Number of protein chains: 2
Amino acid sequence: MATKQAVTANATDRFLNSDLATDIEFLTARTRALGSARANKLLTPLGLKVRSYSVLSLACSGLAPTQRELAEFLSLDPSQIVPLVDGLEQAGLVERTADPADRRSKVITGTAAGARLYKKARAATAEGETVTMSKLSESEQETLRDLLSRVAFCAE
Amino acid sequence: MATKQAVTANATDRFLNSDLATDIEFLTARTRALGSARANKLLTPLGLKVRSYSVLSLACSGLAPTQRELAEFLSLDPSQIVPLVDGLEQAGLVERTADPADRRSKVITGTAAGARLYKKARAATAEGETVTMSKLSESEQETLRDLLSRVAFCAE
DNA sequence: CTTAATGATTGACATTTTCAAGTATTTACG
DNA sequence: CGTAAATACTTGAAAATGTCAATCATTAAG
């Protein structure tokens with residue numbers, strides 16, 4: 001079996017020199033698929049997914065995001081934020097508060113229970129990230145983080 | 001208006017120091033969202049999307065991928081490959097051939113028309129990538145590509 | 001030769017994405 | 001002030017995507 005595998009290369013190896021394998025678009029998609037599958041698996045026992053975790057994280061950040069800001073930052077449609085916050089709110093993890101300065105906006109803040117769960121969830125995703133990045137040294141991981149932020153937060 | 005914008009920071013800037021903004025999972029998701037929106041826009045005039053482009057790319061690579069290999073490499077379920085190949089096949093861009101060595105497998109190869117379209121599509125996505133990566137120097141882009149491949153093709 | 005495993009396909013179902021329209025509120029401007 | 005335009009959230013519908021189990025044809029294993 002092991003020898004057979006060595007002879008019949010798997011797709012991942014076979015296409016390593018294809019055009020696609022050098023395409024940033026493709027590499028980010030594949031990295032994300034790997035990472036988010038892993039993260040979702042680790043978050044499931046906590047009743048979260050990558051999406052709800054992201055909302056919870058910002059809700060617990062102390063930065064008092066509005067739903068519009070959540071949509072913008074998470075690259076989602078504003079209408080997608082509604083059920084995400086609904087779920088977290090019904091679970092008692094976050095609260096919607098009308099912004100006194102602009103009552104159209106609703107500020108999302110984490111509750112005490114939300115903060116407790118976030119702490120655990122953050123540990124879970126950190127563990128997933130460790131696995132995902134295990135092929136890179138610490139300094140390479142920092143480099144990757146830096147390069148990706150510069151691309152991801154490009155003003156356009 | 002311009003002054004107002006400067007005072008009221010947008011979400012992207014406001015959350016730059018949040019936990020999430022240093023999360024690789026999140027950074028890859030956001031980078032991918034930016035990049036794939038851009039790529040899809042450039043591919044639309046050619047009748048392609050990022051997905052069908054990826055299949056076409058491998059079909060035209062000369063590496064004769066089977067559908068199972070496409071699924072594996074593109075992080076998709078095998079059943080998702082079927083309609084993707086259907087579409088390209090109906091457009092005369094690729095062909096399904098039963099693998100003589102294993103007639104369960106179907107090898108996907110690009111037609112002449114497929115190769116012509118792929119050439120244009122590749123130029124389009126390359127242009128998108130140039131825009132997406134414009135904040136990075138050439139050597140930084142190479143570093144990013146290298147680090148991402150090592151994560152994306154991690155054996156697990 | 002029989003059984004188990006694999007690759008493609010289909011169909012059912014859930015989730016996610018995308019949009020357009022509606023309500024409440026705020027901003028811009030005459 | 002008062003009206004019109006813009007903004008934030010919400011709703012709902014339609015399309016696209018993801019997930020999974022079952023089926024058929026073929027191959028591999030015993």
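Order of the sequence lines sets the chain letters (A, B, ...), proteins ahead of strands, with each chain counted from 1. It should be emphasised that the depicted structure is a prediction, and the values quoted were computed from it without experimental measurement.
Following rounding to the nearest Å, B/L70 (CG) and C/dA8 (P) show an atom-to-atom distance of 8 Å. For B/Q67 and D/dA25, the CD to P distance is 17 Å, given to the nearest whole Å. Rounded to an integer number of Å, the gap from B/D102 CG to D/dT26 C1' is 7 Å. When rounded to the nearest whole Å, the span between CD1 of A/I108 and C1' of D/dA8 equals 12 Å. One interatomic measurement links the two molecules: NZ of A/K106 to P of C/dT23, which rounds to 15 Å at whole-angstrom precision. Distance CZ (A/R68) to P (C/dT25): 19 Å, rounded to an integer number of Å. Between the C1' atom of C/dT16 and the CG atom of A/L74 lies a distance of 14 Å, rounded to the nearest Å. Protein atom CG of A/D99 is 11 Å distant from nucleotide atom C1' of D/dA8, rounded to whole Å.
Under a hydrophobic-cluster definition in which Ile, Leu, Val, Met, Phe, Trp and Tyr are linked whenever side-chain heavy atoms come within less than 4.5 Å, directly or via other members, A/L27 and B/L42 are assigned to different clusters. Linking Ile, Leu, Val, Met, Phe, Trp and Tyr residues whenever their side-chain heavy atoms come within less than 4.5 Å leaves A/V82 and A/V94 in two separate clusters.
Side-chain contact between B/L58 and A/S18 is present, with heavy atoms from C-beta onward closer than 4.5 Å. By the 4.5 Å heavy-atom criterion applied to side chains, A/M133 and A/E140 are not counted as neighbours.
A salt bridge does not link A/K106 to A/D99: none of the charged nitrogens lies less than 4.0 Å from a carboxylate oxygen.
Here the side chain of B/R103 pairs no donor or acceptor atom with the backbone of B/A98 at under 3.5 angstrom.
Between D/dA28 and B/R103, no contact under 4.0 Å exists linking OP1 or OP2 to a side-chain N or O.
Between A/F153 and B/F15, the distance separating the two ring centers is not shorter than 6.0 angstrom. Residues A/Y53 and B/F26 place their aromatic rings such that the two centres sit no closer than 6.0 Å.
Listed by residue number, B/P78, B/S79, B/V82 are the residues of residues 76-91 of chain B with a heavy-atom contact under 4.0 Å to DNA chain C.
When each of A/R104 and A/R96 is assigned the nucleotide of DNA chain D bearing its nearest heavy atom, the one mapping closer to the 5' terminus is A/R104. Each of A/A101 and A/K49 lies near DNA chain C, and the nucleotide nearest A/K49 is the one positioned closer to the 5' end.
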Apply salt bridge (charged side-chain N to carboxylate O under 4.0 Å, His left out) to the pair A/E129 and A/R145, showing each step before the final yes or no. CA-CA 12 Å; A/E129 193 168 302; A/R145 217 181 296 273; 2.8 Å; yes
With the criterion being N/O to N/O and under 3.5 Å, what pairs connect the protein with nucleotides 1-4 of chain C, and how long is each?
none

